[in-house]
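Both counts, for ligands and for their atoms, begin at 1 and track the order of listing.
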Amino acid sequence: MAPDSLADRLDSVRAEVASAARDAGRSTDDILTIVITKFHPASLVRDLAELGVRDVGENRNQDAAPKAAELASLDLAWHFVGQLQSNKVRAVLAYASDIQSVDRISLVEAIEAADKPTGSPVDAFIQLNLTTDPARGGVTPDDLEALVERTLAAPSIRLRGLMAVAPLGEEPRAAFARVRQASERVRTLAPGASALSMGMSADYREAILEGATHLRIGTAITGKRPPAS
Ligand SMILES: *Cc1c(COP(=O)(O)O)cnc(C)c1O
């Protein structure tokens, strides 16, 4: 067996998730690992599916749509985690099980306007920007409540909770604690929106300790990403 195969990396991340959950006094049943497969070919997603992975994440519709179409028979859940232009919403909703990067009212309006084929509500996370750089994506903490309220007024959206990326230059656990505190504000408006999508390859242990329910792990499982095309 190759010393560092996909199966090995998946196993070691699963073991590390279980160990962090134990340390946090949490059940692994409450923690969903989404494998971020961006830039990788459909064949890697197929290999992951053979290893039992059901949840994968992508950040660009132009890459995700053909992969989801090619692998439609595998019954995977595709999570959309990238910045999303309003004119791509309809395309993304054709395959995505949720949109984790809702960051502005105009995007909520675009989701509302999109004719979702199944008619069931779209699962959505509001992305919180933990930096002062708008290019990083996400709503600022100051604008969070207004975005939550607008999302709650959209019957075609089911708000699940918050998503965030820990900024460079801040201790990840402190950053994730800020997300947990913001989540308390969200839950005063939307008691059911308790999910926390946070934790990537470098910091998922800290995220679990701060209550993450959804991890988005790429390179620790997939290995190095090919360059973006
Ligand atoms: C790429 C990406 C990840 C995964 O990053 P890794 O460091 O490879 O684990 C998680 N979340 C988002 C939003 C991403 O774009």
Basic-acidic side-chain contact under 4.0 Å: [X], [Y]:
X      : Y      : value
Arg60  : Asp63  : yes
Asp23  : Arg205 : yes
Arg150 : Glu112 : yes

Compute whether any side-chain donor of one residue and acceptor of the other, for Ser101 and Gln83, lie under 3.5 angstrom apart.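 Note: Ser101 and Gln83 side chains miss the donor-acceptor criterion.
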So, Gln85 side chain and Asn87 main chain: donor-acceptor pair closer than 3.5 Å or not?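 Judged by distance alone, no pair lies under 3.5 Å.
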Can you check side-chain hydrogen bond (donor to acceptor under 3.5 Å, both in side chains) on Ser5 and Arg9, steps first, answer last? CA-CA 6 Å; Ser5 67; Arg9 290 191 299 267; over 6 Å; no
Proximal protein residues to ligand 1, non-hydrogen atoms under 4.0 angstrom: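 Only Ile36, Lys38, Val81, Met200, Ser201, Arg216, Ile217, Gly218, Thr219, Arg225 have heavy atoms that fall under 4.0 Å of ligand 1, ordered by chain and number.
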